[in-house]
Amino acid sequence: MNSNPSSASRTAWVVVALLVPVALLNYLDRQMLATMKGSMVADIPSIANKADWGLVLGCFKWTYAVLSPFGGYMADRFSRRLVIGASLFVWSCVTFWTGHVTSFHELMTARAMMGISEAFYIPAALAFIADHHPGGTRSRAVGVHQAGIYLGQILGGFAGYVADSPDHGWRWAFTTCGMIGVIYAMPLLAFLKNPVRVATETPETKAERGITRGLLANRNFILLVLYFTLPAIAGWVVRDWMPDILREKFGLGQGAAGVKAILFVQVSSLVGVVIGGALADRWTRTTLRGRIFVSAIGTALFLPALFSVGNAGTIGVAVTGLIVFGFGWGFFDCNNMPILCQIARPELRATGYGIMNLVSISCGGFGDWAFGALRDRHVPMNFIFGAFAGVALISVVLVLLIRPRQTANQ
C-alpha cells in the first residue's frame, strides 16, 4: 500500500465504495424472498403450507449463523480480498439459480446454499474495511458500508411490486440480481487490494494469538458478544414481524404495511450510521471509549422507541417509534466492528465477528419464535416490547463495562 497518507486515505475510501454495492446485493437478495412470498408460493405448488415456507426462511438463518465463525476464520487465515470476491460470486450464482427453481426442495437447497456463501462476506468485509481504516475514520467507513445494507433492504421492500409486474415477475428479479453480482465480482477482485499489516506484536499480544485466549477467554469480547446479541433480538422481531403488526393493529394492506415497516426503519438507520460514525470517530480523538459511548447512546434510544411501538394507539406514534429505533440502530451498527478492533488483534477480527453473528442470529431466530408464541397466547404487545426495552437497558450497561486497549487504533 502506498506510504503517502493522502494516497492511502483515497485507497481506503475506494475500498468502501467498492464494497457498498456488494453489501446492497447481500441484503437485497435476502429481503426479496420475504416481499415476493405470495408470487413464489403461487408458482411453486410443492410449497404446501406455512411450515414449509418457515423452513425456507429458517434454513438460510441456520446455515448463515453456523458458518459465520468459519467464514470469519477463513478470512483471518487467508486473503480477505479473495474471500469477499468468492463469496459474492458464489451467492450471485445461487441467486441466479433461485430464479429457476421449480420445487420446494430446490428452493430450500438454494436458500441453504445462499446462507453458506453469504456467511463468508460480512466478517471478511468489515475486517477488511477496518484494516484499511485504522483509527480516525473507522466508524464512518463501517457506517457507509452498513448504509449499503440498508439500501438493499429498502429496495428489497419494493420487490413485491416487481413480482406482481406481468413484464417481470419474481424469477426475473432473482435472475437479474444474480447476473449483476456475477459480473461485478470480476472488477471487484481486480480493484480490491489487501493492505499491508504493520507488525505491532508484544509478548502480551503474542500470547493472545489463538481463538481461545484471544477471544473466548477475553472478558471484553464476551461482553461485546452479549451486547451485540441482546438488542439484535428486538431488531429481528422489528424486521420480521413489524409488517404483520402494523397490518393487524392499524388495518393496513399488506403492501402498505411492508413498505412502512421497512422504509422508515431503514432510512432512519441510514441517517443514524452517517451521524453515529462521524460522532464516534470525533469522540475517539479525546477518549478511547468514544465509540463505546456513541453506541451506548444509540442503544439507549431503543428504550423510548420500543415503548412507543408497543403502546402506539395511532400509526403516527408507531412510525415515530420505528424512526427513533432505526436512528439508534445506526449508532449501534456502525460501531460494533470498530469496538471489536479495540479489544481483539487484527488476525482475529473476522473470526470474532463471525462468532458474534453466530450467537446473535441464533438468538434472533429464538426471538422470532418466542414473539409468535407470545402473540398466540395473547400476551399484550406493550408487555412484550416493554421486555425488549428492559433488555436494551441491560445492553447499555454491558457495553459501558468494555475496556478498550491503549493500542486500539491498530
Side-chain angles (χ1 to χ4, degrees), residues 1-17 19-20 125-148 195-202 204-205 208 218-221 223-224 227-228 231 268-301 327-350 352-353 356 395-410:
M1 193 166 60
N2 197 314
S3 59
N4 185 302
S6 61
S7 176
S9 178
R10 283 195 299 271
T11 300
W13 285 109
V14 166
V15 164
V16 176
L19 291 180
V20 165
L126 293 183
F128 193 73
I129 291 171
D131 286 344
H132 279 279
H133 287 266
T137 60
R138 186 170 279 162
S139 289
R140 275 174 289 170
V142 170
V144 172
H145 176 268
Q146 302 304 87
V196 177
R197 293 183 185 175
V198 179
T200 58
E201 195 166 59
T202 66
E204 291 77 14
T205 58
E208 297 176 2
N218 182 335
R219 165 191 174 276
N220 287 321
F221 179 70
L223 288 171
L224 182 59
Y227 174 68
F228 185 71
S268 56
S269 295
L270 197 154
V271 174
V273 292
V274 173
I275 295 175
L279 179 59
D281 284 338
R282 180 178 292 274
W283 206 337
T284 304
R285 296 174 191 170
T286 56
T287 171
L288 282 176
R289 306 193 72 210
R291 294 189 171 98
I292 290 172
F293 293 149
V294 171
S295 191
I297 291 171
T299 308
L301 289 175
F327 187 75
W329 186 269
F331 275 42
F332 167 82
D333 203 22
C334 69
N335 282 297
N336 288 310
M337 174 54 85
I339 293 172
L340 177 60
C341 291
Q342 293 184 305
I343 63 175
R345 290 180 52 76
E347 64 271 16
L348 293 174
R349 290 169 185 169
Y353 203 89
M356 290 161 62
S395 302
V396 174
V397 175
L398 290 174
V399 74
L400 291 175
L401 292 174
I402 295 174
R403 295 291 182 267
R405 301 175 182 273
Q406 293 301 313
T407 56
N409 285 342
Q410 298 301 324

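Please read all numbers here as calculations on a predicted model, not as lab measurements.
In terms of the side-chain contact (heavy atoms from CB on, under 4.5 Å) criterion, V274 has no residue partners (sequence neighbours excluded). For Y353, the ring-ring contact (aromatic ring centres under 6.0 Å, His included) partners are F228, not counting sequence neighbours. Listed by chain and residue number, nothing satisfies the ring-ring contact (aromatic ring centres under 6.0 Å, His included) test with F221 (two or more places apart in sequence, or in another chain).
A distance of 6.5 Å separates CG in L279 from CD1 in I297, rounded to the nearest 0.5 Å. Between the CG atom of L223 and the OG atom of S395 there is a distance of 11.5 Å, given to the nearest 0.5 Å. Note that CZ of F293 and OG1 of T286 are 9.0 Å apart. Values are rounded to the nearest 0.5 Å. Atom OG1 of T299 and atom CZ of F331 lie 10.5 Å apart (nearest 0.5 Å). For the atom pair CG of N220 and CD1 of I292, the computed distance is 7.5 Å after rounding to the nearest 0.5 Å. Once rounded to the nearest 0.5 Å, the distance linking CD1 of I275 with OG of S268 reads 10.5 Å.
Counting all heavy atoms, side chain and backbone alike, L301 lies closest to F327 at CD1-CD2, 3.8 Å. The nearest pair of heavy atoms linking V20 to V144 is CG2-O, 3.7 Å. Pairing each heavy atom of D131 with each of R349, the nearest pair is OD1-NH1, 4.3 Å. Taking each heavy atom of I129 and A141 in turn, the nearest pair found is CG2-CB, 3.7 Å. Across all non-hydrogen atoms, the minimal contact from C334 to G143 is CB-CA, 3.6 Å. When all heavy atoms of Y227 and L398 are compared, the closest pair comes out as N-CD1, 4.3 Å.
Remark: R403 CZ is packed, more than 12 non-hydrogen atoms of other residues, nucleotides or ligands lying under 6.0 Å away.
Aromatic ring centres of H132 and W13: separated by at least 6.0 Å.
Using a 4.5 Å heavy-atom cutoff, the side chains of R140 and V273 are not in contact. Contact check for F128 versus L19: side-chain heavy atoms found under the 4.5 Å cut-off.
Each of N336, N335, T284 was scored for a side chain to side chain donor-acceptor pair (under 3.5 Å) with S139, with one residue passing: N335.
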I would like to know whether S295 and I339 meet side chain to side chain contact (heavy atoms under 4.5 Å, CB included); could you show each step before the answer?
CA-CA 9 Å; S295 191; I339 293 172; 4.1 Å; yes
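A donor-acceptor pair is defined here as one N or O able to donate and one able to accept, closer than 3.5 Å; such a pair exists between the side chain of R289 and the backbone of L400. A donor-acceptor contact shorter than 3.5 Å is absent between the side chain of R291 and the backbone of P338. Within the 3.5 Å criterion, the main-chain N or O of H133 finds a donor-acceptor partner in the side chain of R138.
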